[in-house]
Amino acid sequence: MYRNRITGLIVLTICALAVTRAPAQETPSQARLPPPDPAARATVTLADYRYDDLMWENDRTAHRIYGHALEAAEPPSGSGIDSWGKKVVWPYMDRQLRTRDYHNDLGEGLDFYNVGQGRGAGGLGIWYDNKLWTSRNYKAYRILKNSPEIADFEVEYAPWPVDVSRRVWEKRRFTLPLGTHFTRMVSTLSADNPEPLIVGIGIGKRTTGTGGDLTVVREQGLISWWGPDDPVRGRMAVALRVDPSMIADLRQDADNYLVLLRVTPGKTFVYYSGSAWSRGQGGFTTRAAWDAHAAAEPVDFAVPGP
């Protein structure tokens with residue numbers, strides 16, 4: 001009996017030591033990630049570990065669009081453009097997305113922008129019968145250049161219905177060089193009949209809460225949004241630059257502020273979409289500062305050759 005008690009005490013002591021020496025549990029992924037390369041660069045990344053999100057960023061801004069696989073996992077998802085707040089000049093989105101804790105600021109930035117079914121930061125649709133008809137998530141992609149100086153890729157959106165009258169599909173190229181908050185979008189919309197389209201390009205209304213201020217300067221093709229202030233996370237700001245000669249109207253629906261453009265099916269057009277975080281790169285702390293920056297952004301609406 002006495003020997004059995006001694007043996008039991010030894011076993012309990014060994015178990016206690018094992019528990020004491022066990023390593024502390026790591027937070028998801030974060031502790032296992034390598035430190036960042038601090039060099040500024042532009043990059044585009046496929047998150048094949050999260051339903052094929054496509055992420056692109058440079059030294060000032062960061063964005064994401066959603067892949068076809070997400071439609072089944074998180075319905076309904078859509079073709080709006082997500083925008084992340086960014087504090088650092090190096091790429092961080094892939095590292096933070098892998099932690100699964102990307103809605104909080106871990107020191108480099110965060111995603112608190114809720115796209116939902118809206119257009120987010122510059123997504124588009126077809127305006128018909130006082131309604132915006134939009135595609136689902138992108139179905140195919142091709143990375144054209146992924147270098148320190150520029151992130152350049154294109155995606156395709158499968159045909160989607162515009163009421164019962166027609167079907168439309170799109171190829172869009174996204175180009176983000178270093179040193180700017182604005183991605184250049186080159187869109188080619190095709191349709192099953194040649195009649196002109198009215199294309200609505202949008203900024204989501206309630207992506208970071210209720211409120212925010214909208215600035216429109218039609219003669220410059222400028223639509224700028226200064227979001228509401230979150231006491232914990234700050235503000236997001238979004239702006240669009242479009243060719244003023246293409247503007248048909250300015251509207252809004254339940255989810256979006258919209259600029260409407262006249263577009264011919266098969267004819268490529270260019271617009272710009274940009275965003276910033278009030279606590280991040282660029283130092284934009286007032287609406288006036290963001291509006292002035294967006295208005296001064298160099299733009300080129302010339303369509304690139306084949």
Side-chain angles (χ1 to χ4, degrees), residues 42 56-63 80-87 89 113 115 118-124 127 150-151 172-187 198-208 211-229 234-252 256-263 268-304:
W56 70 103
E57 58 183 310
N58 66 357
D59 54 331
R60 297 191 181 186
T61 191
H63 297 278
I81 297 175
D82 191 19
S83 183
W84 290 31
K86 183 178 174 76
K87 282 183 176 177
V89 298
Y113 191 85
V115 177
R119 298 297 80 204
L124 61 72
W127 185 257
I150 195 165
R172 194 188 315 166
R173 182 173 178 174
F174 299 68
T175 305
L176 178 66
L178 281 175
T180 177
H181 288 268
F182 283 79
T183 300
R184 189 173 195 257
M185 309 282 194
V186 181
S187 173
I198 298 296
V199 174
I201 304 173
I203 296 174
K205 285 182 175 179
R206 291 176 294 278
T207 49
T208 59
D213 298 293
L214 190 72
T215 299
V216 177
V217 186
R218 182 167 177 158
E219 59 269 24
Q220 283 188 286
L222 169 66
I223 299 90
S224 178
W225 177 77
W226 180 248
D229 187 31
R235 302 177 190 264
M236 290 297 293
V238 178
L240 304 175
R241 294 293 305 275
V242 303
D243 184 346
S245 68
M246 296 180 66
I247 296 177
D249 204 353
L250 294 155
R251 293 288 190 93
Q252 54 181 288
N256 309 286
Y257 300 108
L258 297 164
V259 56
L260 305 185
L261 306 184
R262 300 181 186 88
V263 173
T268 300
F269 67 99
V270 174
Y271 71 99
Y272 290 77
S273 172
S275 74
W277 182 31
S278 64
R279 300 183 182 181
Q281 291 293 310
F284 300 105
T285 58
T286 67
R287 175 188 180 187
W290 173 244
D291 285 352
H293 179 84
E297 176 69 16
V299 293
D300 178 7
F301 299 113
V303 174

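Everything numeric here is computed off the predicted structure, so don't read it as measured data. One-based numbering along the sequence shown.
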Which pair of heavy atoms, one from [X] and one from [Y], lies closest together, and at what distance?
X: S83; Y: A121; answer: CB-CB, 4.3 Å
X: P177; Y: N58; answer: O-ND2, 2.7 Å
X: L260; Y: G200; answer: CD2-CA, 3.6 Å
X: A302; Y: D300; answer: N-OD1, 3.0 Å
X: A151; Y: A42; answer: N-CB, 3.7 Å
X: F182; Y: A239; answer: CE2-O, 3.6 Å

Taking the side chain as every heavy atom from C-beta outward, state whether [X] and [Y] have any pair of such atoms under 4.5 Å apart.
X: L176; Y: R184; result: no
X: L124; Y: S187; result: yes
X: S224; Y: W290; result: yes
X: V242; Y: L261; result: yes
X: V270; Y: Y272; result: yes
X: T207; Y: V115; result: no
X: W84; Y: D82; result: yes
X: M246; Y: R262; result: no

SB check R241 E297 (cutoff 4.0 Å):
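Between E297 and R241 there is no salt bridge, as every charged N stays at least 4.0 Å from the carboxylate O atoms.
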Just checking, any donor-acceptor pair under 3.5 angstrom between side chains of S278 and T285?
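Per modelled atom types, S278 and T285 side chains form no pair under 3.5 Å.
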Strictly by modelled atom types, are K87 and Q281 linked by a side-chain donor-acceptor pair under 3.5 Å?
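Absent: no donor and acceptor within the cut-off.
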Check residues 213-222 and write down every donor-acceptor pair under 3.5 Å in which the side-chain atom is one partner and the other belongs to a residue at least two apart or another chain.
from	atom 1	to	atom 2	distance (Å)
T215	OG1	R287	NE	3.3
T215	OG1	R287	NH2	3.0
T215	OG1	D291	OD2	2.7

Stepwise side chain to side chain contact (heavy atoms under 4.5 Å, CB included) check, M185 with R172
CA-CA 7 Å; M185 309 282 194; R172 194 188 315 166; 3.9 Å; yes
Judged by atom type as modelled, is there a donor-acceptor pair below 3.5 Å linking the side chain of [X] to the main-chain atoms of [Y]?
X: D59; Y: L178; value: no
X: N256; Y: L258; value: no
X: R173; Y: V186; value: no

So W277 and R235, side chain to side chain contact (heavy atoms under 4.5 Å, CB included) or not? Walk me through it.
CA-CA 6 Å; W277 182 31; R235 302 177 190 264; 5.9 Å; no
Say you draw a straight line from OG of S273 to CD1 of I201; how long is it, rounded to the nearest 0.5 Å?
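Nearest 0.5 Å value for the OG-CD1 distance: 9.0 Å.
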Starting at NZ of K86, measure out to NE2 of H181 and round the result to the nearest 0.5 Å.
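K86 NZ to H181 NE2: 11.0 Å, rounded to 0.5 Å.
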Could you go through S275 and H63, starting from their C-alpha distance and side-chain angles, then the distance that decides it, and tell me whether this counts as side chain to side chain contact (heavy atoms under 4.5 Å, CB included)?
CA-CA 9 Å; S275 74; H63 297 278; 3.1 Å; yes
Take L250 and I223, measure what side chain to side chain contact (heavy atoms under 4.5 Å, CB included) needs, and give me the verdict at the end.
CA-CA 10 Å; L250 294 155; I223 299 90; 4.2 Å; yes
Aromatic ring pairing W225/Y113, orientation class (parallel under 30°, perpendicular over 60°, tilted between)
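Aromatic pair W225/Y113 classed perpendicular.
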